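Note that the structure is predicted; figures quoted are calculated from it, not measured. These numbers come from the heavy atoms of this one structure, side chains and all, not from hydrogens, waters or symmetry mates. Chain naming here is simple, since letters A, B, ... match the order of the sequence lines and numbering starts at 1 in each.
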4 protein chains.
Amino acid sequence: MAKNKERLQVETSVKDAQLIEFRRQQIINAAIVLFKEKGFHRATTREIAKVAGFSIGTLYEYVRTKEDVLYLLCDSIYNEVRQRLDSFPQYSGTVDELKEAIKQYFLLIDSMTDAFTIMYQESKSLSKEALHYVLNKELEMVALFQNILKNCSELGVLKLSEQELFLAANHIVIQGQSWAFRRWALHRHCTIDEFIEYQTNTFLCGIMRQE
Amino acid sequence: MAKNKERLQVETSVKDAQLIEFRRQQIINAAIVLFKEKGFHRATTREIAKVAGFSIGTLYEYVRTKEDVLYLLCDSIYNEVRQRLDSFPQYSGTVDELKEAIKQYFLLIDSMTDAFTIMYQESKSLSKEALHYVLNKELEMVALFQNILKNCSELGVLKLSEQELFLAANHIVIQGQSWAFRRWALHRHCTIDEFIEYQTNTFLCGIMRQE
Amino acid sequence: MAKNKERLQVETSVKDAQLIEFRRQQIINAAIVLFKEKGFHRATTREIAKVAGFSIGTLYEYVRTKEDVLYLLCDSIYNEVRQRLDSFPQYSGTVDELKEAIKQYFLLIDSMTDAFTIMYQESKSLSKEALHYVLNKELEMVALFQNILKNCSELGVLKLSEQELFLAANHIVIQGQSWAFRRWALHRHCTIDEFIEYQTNTFLCGIMRQE
Amino acid sequence: MAKNKERLQVETSVKDAQLIEFRRQQIINAAIVLFKEKGFHRATTREIAKVAGFSIGTLYEYVRTKEDVLYLLCDSIYNEVRQRLDSFPQYSGTVDELKEAIKQYFLLIDSMTDAFTIMYQESKSLSKEALHYVLNKELEMVALFQNILKNCSELGVLKLSEQELFLAANHIVIQGQSWAFRRWALHRHCTIDEFIEYQTNTFLCGIMRQE
DNA sequence: TATGAATGAGCTTTCATTCAT
DNA sequence: TATGAATGAAAGCTCATTCAT
């Protein structure tokens, strides 16, 4: 998996790296609560600072602009996803591995519905540069599933063209996210386990159709 | 298809109904351009009026608040969808009909990508009341596909539980919309026709798995 | 009584004098209702026209500015007062005549509380020129009572200096108006008749103190 | 004298209580100048801030709405009145005490003509809630004189019914205020001392008439 | 005469950001 | 490092007035 090392730098006047990490996590947590409740634009930096537990002045010691907060939030989500999916054994190309990856991804989304919804609905408010970075991360996530699918494909379980690989990977990512941004419709009709089961089955049947 | 007759009223001080219709279409068109470009919050009412071709005062003759503009936009999209899908012959329950409905829906989205994207990213900015109305419209759209699927199901082509019917219908709606809100990823990998083909095939194989 | 003949002209594009009179009375009536309810500034010209029963365009055929409406209203009040107090017999200088004048004045106010309150609270919104005119009218009203008092004074019933005459006349005018602008306090403690009785008695005792 | 402890709270984002007091006094002073000159509605918040000596943003750190400014102004007037009249010795029921109270009240008004005029002409622009509070304060002021009169009455100097007590107290309050809102008429005919003398005399003769 | 759609100056209010302490 | 008072650009919305019909 290609590593995207050039994480955009959010500058700080504070030096203590650990403190920075700590404060930023406080900021992200506050932001999730507030952005979920009122959206990026309606939430004010004052509120974020207050919920985070410090003053507006302090907020701006760890962040240059309000947009930085959103960026930090999106970035942290991708890190979570990466960590979750990286904790796997090497991919050997079996369908069970694919199933497990899907399951982990869906479960992660279920445990972070708010954060995912925010990312989905608010990332457009990022600057062009930051948005570009975030979309790249998103593509990385797609690529991740694309790779797993490719492994399966190469081992003969599936036979998919490059285009089909991409569309299939996209398919997984989107359906997973839909559990977050369409919670209002889905959650009252099924549990996350039922959802995973249904999605996995139909998805696998779908891509195995040619055989 | 259940008719949602209680369209929320957006008040006006203008009396000429035709003029209202005309001006509001101008407003919607302007809004699509601007909301796409900068999002609901960054677009100003002044800009909307300017792009629409009249003064800020005139804008507010046809709309009470900025939110009304967004509501009008969402509402008009659903009307388009309804019109498009209502223009069909009676549903007889064949798979071809299902395919055709999916196709029409996807093509509609393709021809209104911007409007759909806006609706999906900005509808959260609606007031509770208006949001509720819009989500209901969305559920109606899902129900529409649910009905077609049910027809197929009853005629023996498919065998789906109620839950599966709902999830399958959702599936279609979401994948269709993803063509709009993930255009940045999808459009460079395939055409709308390829996308339709791929989605239709995998979807049908997916839901026919039990046989 | 000195006549103030130079009534400020409110121009019109309409020629028919009777129609003008009629429409303006409609305007004044509407204005009384609305200014009472929301004050001069919060009442809009649109509303005035609507309550008056015609369109905003028509309103502006009979009035140059919103301020004109207020001016018309104030002016009409003074005319009412004048008419009411002019309908008396010649003043002969008896205390009974004074009592009667006070009574008529107070009763008039009681029958036009809203209009008087508006005049008292909103006349400051008139242009300098119009305000000047209105205040002159007010002084005329004071002068009217001043004259009656002078008559009494000259006939030996009272002995008042010029200054006392002025202050006493003012006293009457103010107490009368207070029945309007302090209705919220007074009306629940006494009727207009009790109020007149009380005011007349204390006033007369007051100014007759020297004897 | 009944204490009205529930002073309506005007919220602030500033924490330093002393600073709040100081800035608000600046705001009130600026408001008196401007409301006097152009009235509540024609004076803009920007102007108020400018005259007060700070930016519009700062104004809104100490006040939630423009109406709050008016409320603050009214409230401060009542506090002045209360302080002035509370600094007296216990009321013993002599006429001299009554005279002194009247004198102090009139002198206070004379030293704050603008503020009183504003309060009387603009308080109608307050919200229902704030207006109610202000009118209560006004009634308290009336009650204050009512009490003094009652003392006199009980000690045998005066014999007044409850209704007469109320009307007499109102009388004083109104005449005092008239020195403010009719300055244009009164000030050129007499000094405040002459006015006090005249009012006191006629008032006392008036209410002592029955004996 | 009567109408009412169009106009735009101008108002109140918000809020991201700075900087002296 | 942390604080929070100060700032002012910018936004949404209103409404008196005009003018073509």
Side-chain angles (χ1 to χ4, degrees), chain A residues 12-16 19-20 23 41-50 53-69, chain B residues 12-16 19-20 23 41-50 53-69, chain C residues 12-16 19-20 23 41-50 53-69, chain D residues 12-16 19-20 23 41-50 53-69:
Chain A
T12 305
S13 60
V14 177
K15 303 300 167 203
D16 181 340
L19 185 54
I20 293 177
R23 289 274 188 249
H41 282 98
R42 291 204 209 286
T44 70
T45 50
R46 270 176 155 95
E47 287 173 313
I48 296 170
K50 194 174 178 185
F54 36 71
S55 74
I56 180 69
T58 301
L59 179 73
Y60 276 88
E61 294 291 329
Y62 297 93
V63 129
R64 264 174 320 124
T65 65
K66 186 183 179 186
E67 203 205 289
D68 277 353
V69 175
Chain B
T12 306
S13 61
V14 175
K15 299 177 177 182
D16 181 339
L19 188 54
I20 293 176
R23 289 271 185 256
H41 282 99
R42 290 204 209 287
T44 71
T45 50
R46 277 190 149 76
E47 288 173 313
I48 296 171
K50 195 172 178 184
F54 35 70
S55 73
I56 180 68
T58 299
L59 177 73
Y60 278 93
E61 293 281 327
Y62 297 92
V63 131
R64 265 174 322 120
T65 63
K66 187 184 179 186
E67 201 206 291
D68 276 351
V69 175
Chain C
T12 305
S13 61
V14 177
K15 303 301 168 202
D16 181 341
L19 186 54
I20 293 177
R23 288 275 187 248
H41 282 98
R42 291 203 208 287
T44 69
T45 49
R46 270 175 155 95
E47 287 172 312
I48 296 171
K50 193 174 181 186
F54 36 73
S55 74
I56 181 68
T58 301
L59 178 74
Y60 276 88
E61 293 291 329
Y62 296 95
V63 130
R64 264 174 321 125
T65 64
K66 186 184 180 186
E67 204 205 289
D68 277 352
V69 175
Chain D
T12 306
S13 61
V14 176
K15 298 180 177 179
D16 182 337
L19 188 55
I20 293 176
R23 289 271 185 256
H41 282 98
R42 289 203 209 286
T44 70
T45 49
R46 278 197 147 71
E47 287 172 314
I48 296 172
K50 195 172 179 185
F54 35 70
S55 73
I56 181 67
T58 300
L59 176 73
Y60 277 92
E61 292 282 326
Y62 296 93
V63 130
R64 265 175 320 122
T65 63
K66 186 183 179 186
E67 202 205 292
D68 276 351
V69 175

Shortest non-hydrogen contact from Leu59(C) toward Ala49(C): CB-CB, 4.1 Å
Letter per nucleotide, 5' to 3', of nucleotides 13-21 of chain E [B base touched, S only sugar-phosphate touched, - untouched; heavy atoms, 4.0 Å]: BBSBBB---
Determine, step by step, whether Arg23(C) and Phe54(C) satisfy the side chain to side chain contact (heavy atoms under 4.5 Å, CB included) criterion, reporting the C-alpha distance in whole Å, the side-chain angles of both residues, the deciding distance to 0.1 Å, and the verdict. CA-CA 9 Å; Arg23(C) 288 275 187 248; Phe54(C) 36 73; 3.6 Å; yes
Mind checking who dC13(F) pairs with, Watson-Crick or G-U wobble, both distances under 3.5 Å? dG10(E)
Take the protein atom CG of Asp68(B) and the nucleotide atom P of dT14(F), then report the distance between them rounded to whole Å. 11 Å
Take the protein atom NZ of Lys15(D) and the nucleotide atom P of dA2(F), then report the distance between them rounded to whole Å. 15 Å
Rounding to a whole Å, what distance do you find between Asp16(B):CG and dA6(E):C1'? 14 Å
Below 30° counts as parallel, above 60° as perpendicular, anything between as tilted: where do the rings of His41(C) and His41(D) land? parallel
In terms of heavy-atom contacts, Arg64(D) and Asp68(D) come closest through N-OD2, 2.9 Å
Whether Arg23(B) contacts dA6(E) is assessed here as follows: a side-chain N or O lying under 4.0 Å from the phosphate OP1 or OP2. Is that the case? yes
Heavy-atom pair with the smallest gap, counting every atom of Ser13(D) and Glu61(D): OG-OE1, 2.5 Å
Could you give the NZ-to-P distance, from Lys50(D) to dG8(F), as a whole number of Å? 12 Å
By the Watson-Crick or G-U definition, both distances under 3.5 Å, dT18(F) is matched with dA5(E)
Which part of the nucleic acid, if any, lies within reach of Ser13(D) when heavy atoms closer than 4.0 Å are counted: base, sugar-phosphate only, or nothing? sugar-phosphate
Would you mind reading off the distance between Phe54(D) atom CZ and dT7(F) atom P, rounded to a whole angstrom? 9 Å
Spacing of Ile20(B) atom CD1 relative to dG4(E) atom P, expressed in whole Å: 13 Å
More 5' along DNA chain F: Leu59(D) or Leu59(A), using each one's nearest nucleotide? Leu59(A)
Between Asp16(A) and the options Ile20(A), Leu19(A), Thr12(A), the side chain to side chain contact (heavy atoms under 4.5 Å, CB included) test singles out Leu19(A)
From dT7(E), dT3(F), dG4(E), nucleotide with atom closest to Ser55(C) side chain: dG4(E)
Closest heavy-atom pair and its distance - Tyr60(C), Thr45(C): OH-CG2, 3.5 Å
